Every structure is written in C-alpha cells, then in structure tokens.
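Every value quoted in this text rests on a predicted model; they were computed, and no experiment measured them. So that the names make sense, note that chain A is the first sequence line, chain B the second, and so on, each numbered from 1.
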Protein chains: 2
Amino acid sequence: MAEKTGLYSVKFKEGINIKSVSSVGGTKEAEGPLSKAFDITTNDNLYGEKSWEKAEAKFLKKAFDTALEKGTLTPKKISYVLAGDLQNQTAASCYAAERLHIPFFGLYGACSTFGESLSLGTALIDGGWGEYVLCGASSHFCAAEKQFRFPLELGSQRPQTATTTVTGAGAAVLSKEGSEPQITAVTTGRIVDLNITDANNMGAAMAGAAAEVILNHFKDFGTTAEDYDRIFTGDLGYVGSELLYELLYEKGCDIKAKHRDCGIMIYDKDKQDTHSGGSGCACSAMVFSHIYKKLLTGEYKKILFAPTGALMNTTSISQGQNIMGISHLLKIESRG
Amino acid sequence: MAEKTGLYSVKFKEGINIKSVSSVGGTKEAEGPLSKAFDITTNDNLYGEKSWEKAEAKFLKKAFDTALEKGTLTPKKISYVLAGDLQNQTAASCYAAERLHIPFFGLYGACSTFGESLSLGTALIDGGWGEYVLCGASSHFCAAEKQFRFPLELGSQRPQTATTTVTGAGAAVLSKEGSEPQITAVTTGRIVDLNITDANNMGAAMAGAAAEVILNHFKDFGTTAEDYDRIFTGDLGYVGSELLYELLYEKGCDIKAKHRDCGIMIYDKDKQDTHSGGSGCACSAMVFSHIYKKLLTGEYKKILFAPTGALMNTTSISQGQNIMGISHLLKIESRG
C-alpha cells in the first residue's frame, strides 16, 4: 500500500525492486560516451529491418528480451508490460509488445514515457497486481525526423536549440522481491505550459515541467538537492538545462551541482554533432542503464530520476498551439 | 490491495467506487438512440473552436468538468487524471488535461483507452495513491478521418465494414468511498493479432482481442455469460460482433443473448448512415453513461464492460503491417 505524501507524491513502505535493466542503441549511441553502459549496440540503424519504424519496434523488443534474460525471467512470469514511444499511436510499442503475449498497457508521455512506465509499474507491483512488471520505451532518430520534421533526404539544417532523437530502447523489470536498487517514492508531473511554440526548442518546453516536479518532490518530502547524490532529468539538453537552473533559482533553489541531464550525457558535445543534446523516449530509458549500474555498485545511494516530455503533434504546431511539458519523477535508492 | 486472480485478472476486496460519469457528444450522437443518456450534446461539431482537433480537446475538457460537477468535486480534490485519444501523440487529452493542473498519466489503447483508463485508475485508488482519480477518453469523426483516412472534402465512399468514429468524450471519477456502482474486478487484455490488414475493417481486428479477454475473465473467475446481466464490448460494430460470436462458438462459448456492443448501440442502423456502427475512444466512453444509469437504478446488477481497440497507424498500414487488437475488461456491480 502506497502512502500518499504531500500533494503530488507517494512513498512505499517496502520499495519497489528494480530487478533488471536493459538498453539497446544505434550507431550514434555506440559512438557516445556511455556506449559501455548499453547492453547491445548496432551499427545498422535499420537493425536488419526494411523500415525505421520496424527497426524501432525491434530495438524495443530486444530491450524487453534483454531485460527478461538479465532477470532470468520468461515472458510468462511477467504480469504486465507498460510501454510507449513517439510513433503515431505508439505503434513501435504495440508491435514490440505483441510478440510477448503479456497483458499490455500502452502509454504516452512523450519523452517522459519511461518515467511514466516506471511510475505506473510501481503502482501495479505495490498494489498486488503481479510479481513482475516489464517497463519500456523507445525512439528512433529517422522515424522521428520523418514523422515530426522533414524527410532526412532533404538535409535540412537544424538550429542549435534542437536536440537529436536517440535511436534505441530501454527496459526494466520491476519486482516485489529482490535485493537490487529500489524505487522508494514517485512524484507525478502535471502538464506545464510555458507558452513555447518553437518545435526546435523542446528543451525549453520541458524545463518548466522538470522544475515543477523537482520542486514538488522537495516540498512533499521536505528535502533539498543536498539530500540526493544526483538529480537526473530526461532530455532537456544544454538549452533546457540552463532554463531549468533559471526557473529553480527564481524559486530559491539551486540543483546545478547535483544535476545531470540524460540528453547531455548520452552524446559527446565536441565530437558528435548533436546540437543541444539527445532526446526521445529512448534517451532517459537508455541512460538509465548507466545510472542503474552506479546504484548497484553503491556509488549512488539515493537519486532522483525525472524523464521529461514535450507534448504536441505536427497538427497542433501547425494550428499554433503551445508545446507543453510533463515530467515524471522517481526516487531510487541503492541497497548498499 | 488487489487480489491476483487467475492469469490475467485482479479483484478488489472493497470495490472501486464509480462516483460520477459524464458524456458530451456531437450532432450524430445527439440524433442517435442514446441521446438522452448523454449529459451534453451540441449541433456544432466544431464546438465553437476553429479546428476539429481543438474541438475534440474541448469535448474532453467539458466531459472532465461535467464529471467533476456531478461528483461535486473540484480539480484540487483529484489526485490523478488518466486519459487518451486517437490524435497523434494523444494531443486532445494533453490539451484538455493541461487546464485541470492535476498530475497526468497519458494513455494509448486506441478505442479501448477508456477501459485502460478505468483499469489503471482502480490500481491507483486501490493502492492508496489518492481519494479520487479522473478517467477519460475522446474521439472526433472529422479529426480521425483527416488523420487516418481521407480529407472529408473528398467525399470518399466507405465500405459497409467501416465504422463511424464517434464525436465526443466520456469521463468518470473513481473514488475510494461512496455508494455508487463499483468496479470489482479487472481483466487486462493482451495484444491479439488476427492477421487483419484492412483498415476499413477494424471490427474484425478487435474481435479476437475481445474474445480473448472475455474468455480469460471467465476462466480466471470460473464464470460463464450466465453470471452477468450484460456483456458490453466497445466498438466491434455489426461485422466485428458477428466475428466475436464465431470466435467464441469455436471455444464452446455463447454470449450472444447477453452481449451488446457500444458501437451498435450508439447509432440507429436504419435511420443513421453509419455502416458497421460507431467506433473511436468516445464510443464506449459515452455509452458508459447509459450503462451506468442502469447500474444506478439496479436494472443491471453485474456487468462486464470491455472497450476494444485496433492498434496501428497510417505508416504501419502503408508498410503492410497487421492491424492488431486489444481489449480491457472491467467487472462492474450495482449496490442495489
């Protein structure tokens, strides 16, 4: 039974165990600084498939399979799979999950989806819905560019505020029992509208949501940045992270020393031409493999993990609607 | 704490109360046989907005507001809102939910989304995440035709197997306490692939998922169709319902006398030119107002409510991928 804490959070008497974590990435991810943290990387972004969309589903399926293998579990042991992605109607997740034959909840939280998936996963485990729940999220640079922006063949220039959609997928198995790092609290994000309309500046659209969910967490638990080893956001990138600091400074809060952004961590700013950093559902989902390793070794004792998403579609942009943000935060502690 | 029952279900010691239910519909819905069950109908499918997409968000916002009013609740009382729709990146739900300033979980289960929303809503209420959870789903005929099929101005003929996307939205408030009809069990659907590729025959794509989730529910609880006053599916329509009966007959199961399909109920076959019936997230979400009334009066004591969804997008169809189905089932009982 979760204990409601403050206005936006719950905490668990017994933490929700993160039994295993997986990540599968493409070329650029393999060339980046976190390459060694990923279970599988490929230099073929089509991953042997005939379309980018099918490749993305395969990345996610591979991440599901790898998380199960690492947890020495078969699909039959899993009670629910919760997943989402950026493809219209979350098609990648549907095609990836079908092959598992597990009860499925499809999610859409834009690039915050991995956080949403872990959040709702804790509710199912804690509530007695099952012993194991599989969570996942994926994105694909080529599928996203084609769907949201321009055909790649056009060679459009992108402004420096734009981020690069991560190609790959991440997954995690949550379990009732176990001695792995555990989720001990969840703070759920509201949709935040900062009046951003520039689709090439998603970081700004998400910064308000990240600031709000972090402040709400601090308020709900009476903590500050000092209480955590690290505070990770999803994919604010360089531009969004600066805005996050500004928004928090305004509220008398400084997290800069403790803050890291998965979008900044996944690529090398100097060697890889990724502008404001990485983004996409797979960004925080894959970087979570790196974070989880440091929780396993005890290098991190207590962290906040807050994937961030920008809410819009191509039609809403055309119709002049704002791009809104959302962020789902998890408090994760090592057993060390 | 939910009690896991069989392979795919949970039941609740104390049922999850459905405190209030709302529905807002467009022109065709107002002209249909269930018109009186809906809280609000309008003869302006643009609902005073400048685009169908914005209209859909307004339908959903109005459904949210109406469900809150009927439950004499303010948004501040609500711990979470769970919603989804058919627009790319579930934009209608995001724009509708933003204005409520409530922690938000975005869902995508195609036309089964209202069932998914209620299912995950029970987990949050039962698990102690809050006193009240707001669930909702929407769809809009014009937004869906434009996005999935052809511009309306083209006047394309649609085959008789095609269904008509319902314009409107439905919402419900789940609560811990109360004396209203309650959700006493949830059976969660798996993704089912019947090798359907015809985007004008969604009923067939969903029938397999509906058959499976109903059979799984019977198996998990040791019941048959005789144990329920009614078994509702979401939007199989005339074609899908016939296929459902065939699939169930093959398994020695006959639900025909107890079965009703929301897609068949919402329009008049003879007077309204809606081909195989209604569909869309709003179909089961709006018809639920009618069902809820009969649960309130005690005319129904125990029903199964299984919204159904077809999983695909325009790209997956172009790439020759199958249209898969999913269905989320709830057992709902009156207090009479």
**Q** What pair of heavy atoms forms the shortest contact from Lys4(A) to Ser79(B), and how long is it?
**A** CE-OG, 3.5 Å

**Q** Test Ile191(B) against Leu100(A) for side chain to side chain contact (heavy atoms under 4.5 Å, CB included), laying out the working first.
**A** CA-CA 9 Å; Ile191(B) 299 174; Leu100(A) 291 169; over 6 Å; no

**Q** Among Val10(B), Asp193(B), Ile326(B), which has the most heavy-atom pairs under 4.5 Å with chain A?
**A** Val10(B)

**Q** Heavy-atom pairs under 4.5 Å with chain B: which of Pro103(A), Ala123(A), Ala57(A) has the most?
**A** Pro103(A)

**Q** Would a distance-only check, ignoring hydrogens and angles, find a side-chain to backbone donor-acceptor pair under 3.5 Å from Glu116(A) to Gly106(B)?
**A** yes

**Q** Below 4.5 Å from any heavy atom of chain A, which atoms of Gln321(B) appear? Answer side chain, backbone, both or neither.
**A** both

**Q** Given the options Asp126(B), Ile102(B), Thr113(B), which has more heavy-atom pairs under 4.5 Å with chain A than any of the others?
**A** Ile102(B)

**Q** Quick check on Val186(A) against chain B: is it the side chain, the backbone, both or neither that has a heavy atom closer than 4.5 Å?
**A** side chain

**Q** Inspect the surroundings of NZ in Lys77(A) and state if more than 12 heavy atoms from other residues, nucleotides or ligands are less than 6.0 Å away.
**A** no

**Q** Taking His101(A)'s backbone N and O only, do any of them form a donor-acceptor pair with Arg190(B)'s side chain (distance below 3.5 Å, no angle check)?
**A** yes

**Q** Give the intermediate values and the outcome of side chain to side chain contact (heavy atoms under 4.5 Å, CB included) for residues Gln319(A) and Lys54(B).
**A** CA-CA 9 Å; Gln319(A) 294 180 0; Lys54(B) 289 182 182 179; 4.0 Å; yes

**Q** Tell me, for Lys50(B) versus chain A, whether the close heavy atoms (under 4.5 Å) come from the side chain, the backbone, both or neither.
**A** neither

**Q** Look at Gly309(A), Ser9(A), Ser51(A) and state which one has the largest set of heavy-atom pairs under 4.5 Å with chain B.
**A** Ser51(A)

**Q** With rounding to the nearest 0.5 angstrom, report the SG to OH distance, Cys94(A) to Tyr108(B).
**A** 7.0 Å

**Q** Whether the side chain of Glu98(A) engages the backbone of Met324(B) through a donor-acceptor N/O pair (distance < 3.5 Å, no angle test) should be reported.
**A** no

**Q** Quick one: which of Ala91(B), Gly189(B), Gly109(B) has the most heavy-atom pairs under 4.5 Å with chain A, could you say?
**A** Gly189(B)

**Q** Relative to the ring of Phe105(B), is the ring of His328(A) parallel (under 30°), tilted (30 to 60°) or perpendicular (over 60°)?
**A** parallel

**Q** Please state whether the side chain, the backbone, both or neither of Asn322(B) comes within less than 4.5 Å of a heavy atom of chain A.
**A** backbone

**Q** For Ser119(B) and Trp129(A), work out which heavy atoms get closest and say how close.
**A** O-CH2, 3.5 Å

**Q** Checking heavy atoms, do the side chain of Ala110(B), its backbone, both or neither come under 4.5 Å from chain A?
**A** neither

**Q** Select one option (side chain, backbone, both, neither) describing which atoms of Lys146(A) are under 4.5 Å from chain B's heavy atoms.
**A** side chain

**Q** Heavy-atom distances under 4.5 Å only: say whether Tyr80(B) touches chain A with side chain, backbone, both or neither.
**A** side chain

**Q** Could you tell me which of Leu120(B), Leu82(B), Leu7(B), Thr5(B) has the largest number of non-hydrogen atom pairs under 4.5 Å with chain A?
**A** Leu120(B)

**Q** Closest approach of Asn313(B) and Asn88(A), non-hydrogen atoms and distance?
**A** ND2-O, 2.8 Å

**Q** Which bit of Leu124(B) comes within less than 4.5 Å of chain A, counting heavy atoms only: side chain, backbone, both or neither?
**A** side chain

**Q** Show, in sequence, the C-alpha distance, side-chain angles and deciding distance for Thr315(B) and Glu53(A), and conclude whether the side chain to side chain donor-acceptor pair (under 3.5 Å) test is met.
**A** CA-CA 8 Å; Thr315(B) 305; Glu53(A) 291 79 12; 5.0 Å; no

**Q** Report yes or no: does Gln89(B) contribute a side-chain atom to a donor-acceptor pair with the main-chain N or O of Leu311(A) at less than 3.5 Å?
**A** no

